[in-house]
Amino acid sequence: GENVEQHPSTLSVQEGDSAVIKCTYSDSASNYFPWYKQELGKGPQLIIDIRSNVGEKKDQRIAVTLNKTAKHFSLHITETQPEDSAVYFCAVTAVNDYKLSFGAGTTVTVRA
Amino acid sequence: SQTIHQWPATLVQPVGSPLSLECTVEGTSNPNLYWYRQAAGRGLQLLFYSVGIGQISSEVPQNLSASRPQDRQFILSSKKLLLSDSGFYLCAWTPGFNQPQHFGDGTRLSIL
(Lines give C-alpha, C1' and ligand atoms only; values in the text may rest on other atoms or scores of the structure.)
Protein backbone atom coordinates (compact mmCIF):
# COMPACT_ATOMS: atom_id res chain seq x y z
CA GLY A 1 0.00 0.00 0.00
CA GLU A 2 0.79 3.68 0.05
CA ASN A 3 3.66 4.81 2.27
CA VAL A 4 2.67 7.79 4.46
CA GLU A 5 5.19 9.42 6.76
CA GLN A 6 4.00 11.80 9.47
CA HIS A 7 6.14 14.20 11.49
CA PRO A 8 6.65 15.00 14.25
CA SER A 9 5.53 12.06 16.38
CA THR A 10 5.04 14.34 19.38
CA LEU A 11 4.47 18.07 19.57
CA SER A 12 4.20 20.27 22.65
CA VAL A 13 3.03 23.86 22.21
CA GLN A 14 2.13 26.74 24.49
CA GLU A 15 -1.53 27.66 24.53
CA GLY A 16 -2.16 30.30 21.90
CA ASP A 17 0.74 29.23 19.69
CA SER A 18 0.41 27.43 16.36
CA ALA A 19 0.96 23.74 15.67
CA VAL A 20 2.00 22.26 12.34
CA ILE A 21 2.03 18.58 11.38
CA LYS A 22 3.39 17.39 8.06
CA CYS A 23 2.77 14.23 6.05
CA THR A 24 4.48 12.96 2.94
CA TYR A 25 3.15 10.28 0.61
CA SER A 26 4.58 8.17 -2.16
CA ASP A 27 1.81 7.55 -4.72
CA SER A 28 1.36 10.43 -7.16
CA ALA A 29 -2.15 9.10 -7.96
CA SER A 30 -3.32 9.99 -4.44
CA ASN A 31 -6.09 12.53 -4.57
CA TYR A 32 -7.87 12.66 -1.21
CA PHE A 33 -6.22 13.72 2.05
CA PRO A 34 -8.21 13.69 5.33
CA TRP A 35 -7.03 14.57 8.82
CA TYR A 36 -8.37 12.90 11.96
CA LYS A 37 -8.27 13.84 15.63
CA GLN A 38 -8.38 11.08 18.22
CA GLU A 39 -9.06 11.83 21.85
CA LEU A 40 -8.22 9.34 24.56
CA GLY A 41 -10.49 6.29 24.49
CA LYS A 42 -12.43 7.46 21.45
CA GLY A 43 -12.45 6.74 17.75
CA PRO A 44 -10.76 9.12 15.30
CA GLN A 45 -12.91 12.02 14.17
CA LEU A 46 -12.56 13.70 10.80
CA ILE A 47 -11.59 17.34 11.31
CA ILE A 48 -10.72 18.53 7.82
CA ASP A 49 -9.97 17.10 4.39
CA ILE A 50 -8.65 18.29 1.05
CA ARG A 51 -8.75 17.00 -2.49
CA SER A 52 -6.00 17.17 -5.07
CA ASN A 53 -7.58 19.98 -7.09
CA VAL A 54 -7.29 22.36 -4.12
CA GLY A 55 -4.12 23.78 -2.60
CA GLU A 56 -5.47 24.98 0.72
CA LYS A 57 -8.58 24.68 2.83
CA LYS A 58 -9.46 26.41 6.08
CA ASP A 59 -12.06 25.83 8.77
CA GLN A 60 -11.87 28.32 11.62
CA ARG A 61 -8.57 27.62 13.45
CA ILE A 62 -7.67 24.60 11.33
CA ALA A 63 -6.18 24.64 7.86
CA VAL A 64 -4.68 22.08 5.52
CA THR A 65 -2.23 22.80 2.69
CA LEU A 66 -1.33 20.44 -0.13
CA ASN A 67 1.76 20.43 -2.34
CA LYS A 68 1.14 17.79 -5.02
CA THR A 69 4.47 18.34 -6.71
CA ALA A 70 6.41 17.63 -3.55
CA LYS A 71 3.82 15.06 -2.38
CA HIS A 72 3.26 16.49 1.04
CA PHE A 73 0.41 18.06 2.97
CA SER A 74 0.25 19.76 6.33
CA LEU A 75 -2.21 20.47 9.11
CA HIS A 76 -2.04 23.90 10.73
CA ILE A 77 -3.76 24.68 14.02
CA THR A 78 -3.68 28.32 15.07
CA GLU A 79 -4.38 29.82 18.50
CA THR A 80 -4.13 26.41 20.12
CA GLN A 81 -6.31 25.62 23.11
CA PRO A 82 -6.08 22.84 25.73
CA GLU A 83 -8.93 20.97 24.01
CA ASP A 84 -6.71 20.64 20.92
CA SER A 85 -4.58 18.15 22.88
CA ALA A 86 -5.06 14.79 21.11
CA VAL A 87 -3.48 12.42 18.62
CA TYR A 88 -3.75 13.58 15.00
CA PHE A 89 -3.57 11.25 12.01
CA CYS A 90 -3.16 12.12 8.38
CA ALA A 91 -4.42 9.77 5.69
CA VAL A 92 -4.24 9.34 1.93
CA THR A 93 -6.20 7.53 -0.72
CA ALA A 94 -6.24 7.35 -4.49
CA VAL A 95 -9.01 7.23 -7.07
CA ASN A 96 -10.95 3.94 -7.00
CA ASP A 97 -9.19 2.84 -3.82
CA TYR A 98 -11.36 1.51 -1.01
CA LYS A 99 -8.67 1.98 1.60
CA LEU A 100 -7.07 4.85 3.45
CA SER A 101 -3.35 4.74 4.24
CA PHE A 102 -2.72 6.39 7.62
CA GLY A 103 0.30 8.13 9.05
CA ALA A 104 1.63 6.91 12.40
CA GLY A 105 0.07 9.80 14.30
CA THR A 106 1.22 12.92 16.15
CA THR A 107 0.53 13.41 19.85
CA VAL A 108 -0.16 17.10 20.40
CA THR A 109 -0.02 18.53 23.90
CA VAL A 110 -1.13 22.11 24.49
CA ARG A 111 0.39 23.57 27.67
CA ALA A 112 -1.76 26.02 29.57
CA SER B 1 -27.93 11.76 9.62
CA GLN B 2 -25.69 8.73 9.66
CA THR B 3 -24.46 7.11 12.86
CA ILE B 4 -22.20 4.19 13.63
CA HIS B 5 -22.50 2.01 16.72
CA GLN B 6 -20.00 -0.42 18.16
CA TRP B 7 -20.42 -2.67 21.14
CA PRO B 8 -19.37 -3.56 23.66
CA ALA B 9 -17.24 -0.58 24.65
CA THR B 10 -14.92 -2.71 26.76
CA LEU B 11 -14.40 -6.45 26.96
CA VAL B 12 -12.17 -8.68 29.06
CA GLN B 13 -11.79 -12.22 27.78
CA PRO B 14 -9.63 -15.22 28.75
CA VAL B 15 -7.12 -16.68 26.31
CA GLY B 16 -8.75 -19.32 24.14
CA SER B 17 -12.27 -17.93 24.41
CA PRO B 18 -14.34 -16.88 21.37
CA LEU B 19 -14.99 -13.30 20.32
CA SER B 20 -17.77 -11.44 18.61
CA LEU B 21 -17.72 -7.67 18.14
CA GLU B 22 -20.58 -5.97 16.35
CA CYS B 23 -20.80 -2.78 14.35
CA THR B 24 -23.90 -1.27 12.78
CA VAL B 25 -24.43 1.82 10.67
CA GLU B 26 -27.68 3.77 10.50
CA GLY B 27 -28.94 6.33 8.03
CA THR B 28 -27.23 5.06 4.89
CA SER B 29 -27.31 2.11 2.54
CA ASN B 30 -24.59 -0.01 0.94
CA PRO B 31 -21.73 1.53 2.92
CA ASN B 32 -18.16 0.30 2.71
CA LEU B 33 -17.28 -1.09 6.12
CA TYR B 34 -13.92 -1.48 7.84
CA TRP B 35 -12.38 -3.08 10.93
CA TYR B 36 -9.16 -1.62 12.33
CA ARG B 37 -7.01 -2.53 15.31
CA GLN B 38 -4.97 -0.01 17.25
CA ALA B 39 -2.32 -1.11 19.72
CA ALA B 40 -1.67 1.21 22.68
CA GLY B 41 0.01 4.40 21.50
CA ARG B 42 0.20 3.17 17.93
CA GLY B 43 -1.38 3.79 14.57
CA LEU B 44 -4.31 2.16 12.80
CA GLN B 45 -3.95 -1.28 11.26
CA LEU B 46 -6.61 -2.24 8.72
CA LEU B 47 -7.86 -5.77 9.38
CA PHE B 48 -10.83 -6.25 7.05
CA TYR B 49 -13.04 -4.29 4.72
CA SER B 50 -16.30 -5.02 2.94
CA VAL B 51 -17.94 -3.37 -0.05
CA GLY B 52 -21.16 -5.39 0.12
CA ILE B 53 -23.09 -8.14 1.88
CA GLY B 54 -21.01 -11.30 2.11
CA GLN B 55 -17.96 -9.60 0.53
CA ILE B 56 -14.96 -9.55 2.88
CA SER B 57 -11.37 -8.62 2.10
CA SER B 58 -8.67 -9.51 4.60
CA GLU B 59 -5.63 -7.30 4.90
CA VAL B 60 -3.57 -9.18 7.45
CA PRO B 61 -3.42 -12.95 8.03
CA GLN B 62 -4.39 -13.51 11.64
CA ASN B 63 -6.55 -15.19 14.20
CA LEU B 64 -9.61 -13.10 13.35
CA SER B 65 -12.39 -13.24 10.79
CA ALA B 66 -15.11 -10.84 9.68
CA SER B 67 -18.61 -11.24 8.33
CA ARG B 68 -21.27 -8.97 6.89
CA PRO B 69 -24.62 -10.72 7.25
CA GLN B 70 -26.65 -7.58 6.53
CA ASP B 71 -26.04 -4.40 4.56
CA ARG B 72 -25.23 -2.25 7.59
CA GLN B 73 -23.86 -4.85 9.99
CA PHE B 74 -20.23 -5.86 10.29
CA ILE B 75 -19.01 -8.48 12.75
CA LEU B 76 -15.48 -9.29 13.89
CA SER B 77 -14.98 -12.78 15.29
CA SER B 78 -12.46 -15.21 16.62
CA LYS B 79 -12.82 -18.85 17.60
CA LYS B 80 -9.92 -18.77 20.06
CA LEU B 81 -8.41 -15.52 21.33
CA LEU B 82 -4.67 -15.08 21.75
CA LEU B 83 -2.89 -12.66 24.08
CA SER B 84 -1.74 -10.76 20.99
CA ASP B 85 -5.36 -10.02 20.06
CA SER B 86 -5.54 -7.39 22.81
CA GLY B 87 -6.10 -3.88 21.52
CA PHE B 88 -8.55 -1.18 20.59
CA TYR B 89 -10.86 -2.29 17.77
CA LEU B 90 -12.45 0.33 15.58
CA CYS B 91 -15.18 0.03 13.00
CA ALA B 92 -15.55 2.61 10.25
CA TRP B 93 -17.80 3.28 7.28
CA THR B 94 -17.69 5.33 4.11
CA PRO B 95 -20.27 5.93 1.37
CA GLY B 96 -17.80 5.09 -1.41
CA PHE B 97 -14.49 5.84 -3.09
CA ASN B 98 -12.56 8.92 -2.04
CA GLN B 99 -14.97 9.70 0.75
CA PRO B 100 -14.20 10.26 4.42
CA GLN B 101 -14.23 7.27 6.70
CA HIS B 102 -16.29 7.74 9.85
CA PHE B 103 -15.29 5.81 12.94
CA GLY B 104 -17.18 4.34 15.84
CA ASP B 105 -16.02 4.81 19.42
CA GLY B 106 -14.23 1.48 19.48
CA THR B 107 -14.05 -1.61 21.69
CA ARG B 108 -11.20 -1.96 24.18
CA LEU B 109 -10.37 -5.70 24.24
CA SER B 110 -8.17 -7.10 27.00
CA ILE B 111 -7.08 -10.74 26.94
CA LEU B 112 -6.10 -12.35 30.23
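Numbers restart at 1 for each chain; the letters A, B, ... are given by sequence-line order, proteins then strands.
Hydrophobic clustering of Ile, Leu, Val, Met, Phe, Trp and Tyr side chains at less than 4.5 Å, counting indirect connections, keeps B:F48 apart from B:I75. When the side chains of ILVMFWY residues are joined at heavy-atom separations under 4.5 Å, either directly or via intervening members, A:L66 and A:V64 end up in a single hydrophobic cluster. Connection of B:F74 to B:L47 is established within a shared hydrophobic cluster, with ILVMFWY side chains joined at heavy-atom distances below 4.5 Å, either directly or through further cluster members. B:L21 and B:V12 are not part of a single hydrophobic cluster, where members link through side-chain heavy atoms under 4.5 Å apart.
Within the structure, disulfide (SG to SG under 2.5 Å) contacts touching residues 35-71 of chain B (residues at least two apart or in different chains) do not occur. Counting only residues at least two apart or in different chains, disulfide (SG to SG under 2.5 Å) contacts with residues 48-112 of chain B comprise B:C23-B:C91. Every pair passing disulfide (SG to SG under 2.5 Å) that includes a residue from residues 61-112 of chain A is listed here, sequence neighbours excluded: A:C23-A:C90.
Neither the backbone nor the side chain of A:A91 comes within contact range of chain B, judged by heavy atoms closer than 4.5 Å. Neither the backbone nor the side chain of A:P34 comes within contact range of chain B; no heavy atoms are under 4.5 Å apart. If you measure heavy-atom distances from A:L100 to chain B, the contacts under 4.5 Å come from both the backbone and the side chain.
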Donor-acceptor pairs under 3.5 Å, chain B versus chain A:
| residue | atom | partner | partner atom | Å |
| --- | --- | --- | --- | --- |
| B:Y34 | OH | A:Y98 | O | 2.4 |
| B:Q38 | OE1 | A:Q38 | NE2 | 2.8 |
| B:Q38 | NE2 | A:Q38 | OE1 | 2.9 |
| B:E59 | OE1 | A:K99 | NZ | 3.3 |
| B:N98 | O | A:R51 | NH1 | 2.8 |
| B:N98 | O | A:R51 | NH2 | 2.6 |
| B:N98 | OD1 | A:N31 | ND2 | 3.2 |
| B:N98 | ND2 | A:N31 | OD1 | 3.3 |
| B:N98 | ND2 | A:A94 | O | 3.0 |
| B:Q101 | N | A:Y36 | OH | 3.0 |
| B:Q101 | O | A:Y36 | OH | 2.6 |

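Shown here is B:L112, whose CG atom has more than 12 heavy atoms of other residues, nucleotides or ligands within 6.0 Å.
Nearest heavy-atom pair across B:L90 and A:G43 is CD2-CA, 3.6 Å.
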